[in-house]
Structure formats: C-alpha cells, structure tokens
Asks: 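Would you mind keeping the following structure in view while I ask a few things?
Chain A is the first sequence line, chain B the second, and so forth, proteins listed ahead of strands; every chain is numbered from 1.
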There are 2 protein chains.
Amino acid sequence: MPQETPNVGVLMFVAYREMERRVLDAVVAAGYDVTLAQARIFQRIGPDGTRLVELADQAQVTKQTAGFLVDQLERAGFVERVADPTDGRARLVRIAERGRRAGEIAAGVVAEVEAEWVAHLGKRRMGQLRDTLTKLREITDPYAR
Amino acid sequence: MPQETPNVGVLMFVAYREMERRVLDAVVAAGYDVTLAQARIFQRIGPDGTRLVELADQAQVTKQTAGFLVDQLERAGFVERVADPTDGRARLVRIAERGRRAGEIAAGVVAEVEAEWVAHLGKRRMGQLRDTLTKLREITDPYAR
DNA sequence: CTAAAGTAGTCAGCGTATCTGACTTTTACT
DNA sequence: AGTAAAAGTCAGATACGCTGACTACTTTAG
C-alpha cells in the first residue's frame, strides 16, 4: 500500500517507534541490558504479577515465545516467577528489584518524550490525542485493563 | 514500566498493531503469501520506485536486512529491481503487477478498518487524530515525505 | 583530472525471536 | 470418576536482523 499520505495506522507506528527506541536506548545506556522483545513483555507485567499466557496474549506472541523471553528476564534478574496461590497450574511473573529500577528509568524517558510532544502539539491537542487513543482502545485492544 | 494508564506510545502501538494484523491477515487470506517484515518494507515503496537504503532507513532496519526482504519479495513477484537512471550505483525497487494487486487488497482493508474507527470515534475526532499524528510526525519521523 | 572520500548494494556468518506441534500437570465441569 | 480445558514446558525449525567486510560507482577537493 504505497501512498504519499500514510494511513492513520502507519502514522501511529512512526510515533510509537520513536518512543520505543528512545526508551530502550536510555535503559540500555543505563546498564540494564534488555532487548526490544524482552521489553515488550516486561512492559505488560502488572503490579501484582501476571501469568505467562496473559503476557503472551497481550504482547501478541505465543506462550512459548513469552516463556523464552521471561526466562531471559529472569536470568538477568529483572523478574521472578512465583507460584499463583489461586491456581496450582499457574505461576505469576513478577517484577524483581532490578526490574523495578530499570522500569523507573523507562518511566522517566517516557515522561520526557511526552513532554516534547506536548511542547510540539500543545497541551490541548496532546490531551485530545490521549483521550481519542484511549477511546479507540475499546475496539482495538481485547485485553484492555 | 508497568502501569494501569498506558502512555501515549503504547496506546498508539495497540491500535497500530490491530490495523497491521487485519491487513496482513486479509492479504494472506487472498493468497498473497507475505510476512510482516516483508509488508513493512513493501509499504514504503514509492510510486516511482525507491532505493534499497531508503527503504532500510524508513523501515528502520539495516540495508542488509532490507536487501534480504526485497530478495524474497522479488522472488515472489511482488516487486522488481531496475537500474536507477540517475545513479549507476543504485537500483530502484519497484512494485510489480502482483504487488500492485496485493496492495489494492491491503488498501481496501485499511479503508475498512478506518471506517470502523470513524464509526467508533466520530468523524470529527478521527479527523483530529489524523491531523495531530501528522503534526507529531514532524518531530518523530526523520524520513517524512 | 586524478586521488580520496563517500554512497549503493552484496556476501558471509552469527545470534535472537518466533512459530508449530507434542507433552505434563492441574483444574473445572458434568 | 472421567473428560475437557488451561498453564506451562520441551524440541525442532524458520525467519529476522545484526555486524563486519567487500565491490562498484560517484562526488569532491586539490
């Protein structure tokens, strides 16, 4: 679909990609050696831990892939696996201390990039953008929390 | 960066991913066997053909990776390589007949998904979204055409 | 007008990410 | 109790993407 005026999806991709690149670069530069795929999984872990299959669904990869990435994150000390008290089959992937520190750096960069966007778009349009995307999520994200 | 209220980047990713998945599924279902990575390159090819390095830059992969994917697209008959008349070092990747047909299917699905978004958001907000993202592209896409 | 520097693209080798399919263990339903 | 479903793992295969090194052509500077 070659086009001079990219569709809305592509426009979102471009901006997203910029955010992702900036965040990952900063986290890696801070000495937390994490890959893009690992970060995409890590990002989805909830405050009380999340099951592997849920992470897989949300990141849109198979559970095998998610398991593979969680293995790496665990070996690097970013996450830990604990038994799920409510279901003997399941285990919860939880953010560990080192992961928390890396997450804080990431959050800082996210705030920084968003501030740049506000500076370029203006506060009003940035607010609209966030609201519209949140609304759009209702029909595009089956795993909306 | 686990969070209940995802940042704007993640929100864009979710919607983008939905669009991408829908388009790719439709194209593959129509018998055009193309992978995600191939589609991301293909999508960037301009109407008069585009150089490999440009495709690589825009898709944010190395030129080797882009070359690898263009090889596959060429073998499958989606694109063709022609010499660049203005520069003997370069060749232009151009969309071939089969690619054009696949691109038409993709464009149809894009229109369909966008129509769903308009139905959910309203015409006004969809217009704002497009405008805002286009504006945002000024600072997030160094390769904006 | 030639030497140096830069750009387009390819080749080779490697590691990461992702998939499909098959299996184990534990729930949940009837 | 007995079967179906769900969570997770194991094994094997493929696709993707990277770095480094190379060739060929073009541009620039002296």
Asks: Is any NZ, NE, NH1 or NH2 atom of the basic residue among A:Arg51 and A:Asp87 found under 4.0 Å from an Asp or Glu carboxylate oxygen of the other?
Replies: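 Yes, charged N to carboxylate O under 4.0 Å.
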
Asks: Given B:Val34 and B:Phe42, is the side chain to side chain contact (heavy atoms under 4.5 Å, CB included) satisfied, shown in steps?
Replies: CA-CA 10 Å; B:Val34 69; B:Phe42 181 81; 5.9 Å; no

Asks: In this structure, how many angstroms lie between the P atom of D:dG8 and the CG atom of A:Asp57, rounded?
Replies: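 Going from CG in A:Asp57 over to P in D:dG8 covers 11 Å.
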
Asks: Show the numbers, then the answer: is there a salt bridge (Lys or Arg N to Asp or Glu O under 4.0 Å) between B:Arg22 and B:Glu112?
Replies: CA-CA 10 Å; B:Arg22 293 271 299 270; B:Glu112 191 181 297; 3.5 Å; yes

Asks: Taking the side chain of B:Leu52 as its heavy atoms from C-beta onward, which of C:dG9, D:dT9, D:dG17 lies nearest to it?
Replies: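 Ranking C:dG9, D:dT9, D:dG17 by closest atom to the B:Leu52 side chain puts C:dG9 first.
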
Asks: What's the spacing between B:Phe13 CZ and A:Met19 CE if we round to 0.5 Å?
Replies: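 One gets 13.5 Å once the value is rounded to the nearest 0.5 Å.
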
Asks: Would you kindly compare A:Asp87 and B:Arg40 by the position of their nearest DNA chain D nucleotide and give the one closer to the 5′ end?
Replies: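 So the residue in question is A:Asp87.
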
Asks: Figure out the CG/C1' separation between B:Asp33 and D:dA15, and round it to whole Å.
Replies: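 Atom CG in B:Asp33 sits about 13 Å away from atom C1' in D:dA15.
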
Asks: Is a side-chain N or O of A:Glu104 found less than 3.5 angstrom from the main chain of A:Arg101, in a donor-acceptor match?
Replies: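 No.
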
Asks: Which residues in residues 76-84 of chain B have at least one heavy atom lying under 4.0 Å from any atom of DNA chain D?
Replies: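 Hits under 4.0 Å, by residue number: none.
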
Asks: Salt bridge check: are A:Arg44 and A:Glu54 linked by an N-O gap of less than 4.0 Å?
Replies: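 The answer is no: the pair does not qualify as a salt bridge.
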
Asks: Considering non-hydrogen atoms only, spot the tightest contact between A:Arg94 and A:Gly49 and give its length.
Replies: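 Shortest heavy-atom separation between A:Arg94 and A:Gly49 comes out as CG-CA, 3.5 Å.
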
Asks: Output the distance between atom CG (B:Leu52) and atom CD1 (B:Ile41), rounded to the nearest 0.5 Å.
Replies: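 The distance works out to 7.5 Å.
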
Asks: Would you mind reporting whether A:Val27 and A:Ile105 have side-chain heavy atoms less than 4.5 Å apart?
Replies: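 Yes, their side chains come closer than 4.5 Å.
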
Asks: Contact between A:Met12 and B:Val14 at the side-chain level, heavy atoms closer than 4.5 Å - yes or no?
Replies: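 Heavy-atom side-chain distance check fails, nothing below 4.5 Å.
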
Asks: Could you tell me the separation between the CD atom of B:Gln58 and the P atom of C:dA8, rounded to a whole number of Å?
Replies: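 My rounded result for the distance is 13 Å.
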
Asks: Rounded to the nearest Å, what distance is computed from the CZ atom of residue A:Arg21 to the C1' atom of nucleotide D:dG17?
Replies: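 Between C1' of D:dG17 and CZ of A:Arg21: 17 Å.
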
Asks: Which is it for A:Asp25 and A:Arg21 under the salt bridge (Lys or Arg N to Asp or Glu O under 4.0 Å) test, yes or no, and what are the steps along the way?
Replies: CA-CA 6 Å; A:Asp25 284 355; A:Arg21 210 208 78 239; 3.5 Å; yes

Asks: Is the phosphate of C:dC19, meaning OP1 or OP2, less than 4.0 Å from a side-chain N or O of A:Thr62?
Replies: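 It does, given that an N or O in the side chain of A:Thr62 lies less than 4.0 Å from OP1 or OP2 of C:dC19.
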
Asks: Atom pairs, N/O to N/O, protein against nucleotides 21-25 of chain C, distance under 3.5 Å?
Replies:
unit_1	atom_1	unit_2	atom_2	d
C:dG21	O6	A:Gln64	NE2	2.4

Asks: How close or far is atom P of D:dA7 from atom CD of A:Glu54, stated in whole angstroms?
Replies: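 Interatomic distance, CD of A:Glu54 to P of D:dA7: 8 Å.
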
Asks: Write down the distance between CD1 (A:Ile41) and P (D:dG8), rounded to a whole number of angstrom.
Replies: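 One finds 12 Å between P of D:dG8 and CD1 of A:Ile41, rounded.
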
Asks: Let me see the working for A:Glu80 and A:Arg91 under salt bridge (Lys or Arg N to Asp or Glu O under 4.0 Å), right down to the final yes or no.
Replies: CA-CA 10 Å; A:Glu80 56 196 358; A:Arg91 297 159 78 191; over 6 Å; no

Asks: For A:Gly88, report the nucleic acid contact type (base, sugar-phosphate, nothing); a contact means any heavy atom under 4.0 Å.
Replies: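 Sugar-phosphate only.
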
Asks: Could you list the protein-to-nucleotides 14-17 of chain C atom pairs, N/O on both sides, closer than 3.5 Å?
Replies:
unit_1	atom_1	unit_2	atom_2	d
C:dA17	OP1	A:Thr35	OG1	2.5
C:dA17	OP2	A:Gln72	OE1	3.2
C:dA17	OP2	A:Gln72	NE2	3.4

Asks: Over how many whole Å does the gap from A:Leu24 atom CG to D:dC18 atom P extend?
Replies: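 Value for this atom pair: 13 Å.
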
Asks: Please give, in whole Å, the distance from C:dC19 P to A:Gln60 CD?
Replies: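 Answer to the nearest Å: 10 Å.
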
Asks: Of all the choices, C:dG9, D:dA7, D:dG17, which nucleotide is nearest to the side chain of B:Val61 once you look at every atom?
Replies: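 It is D:dG17.
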
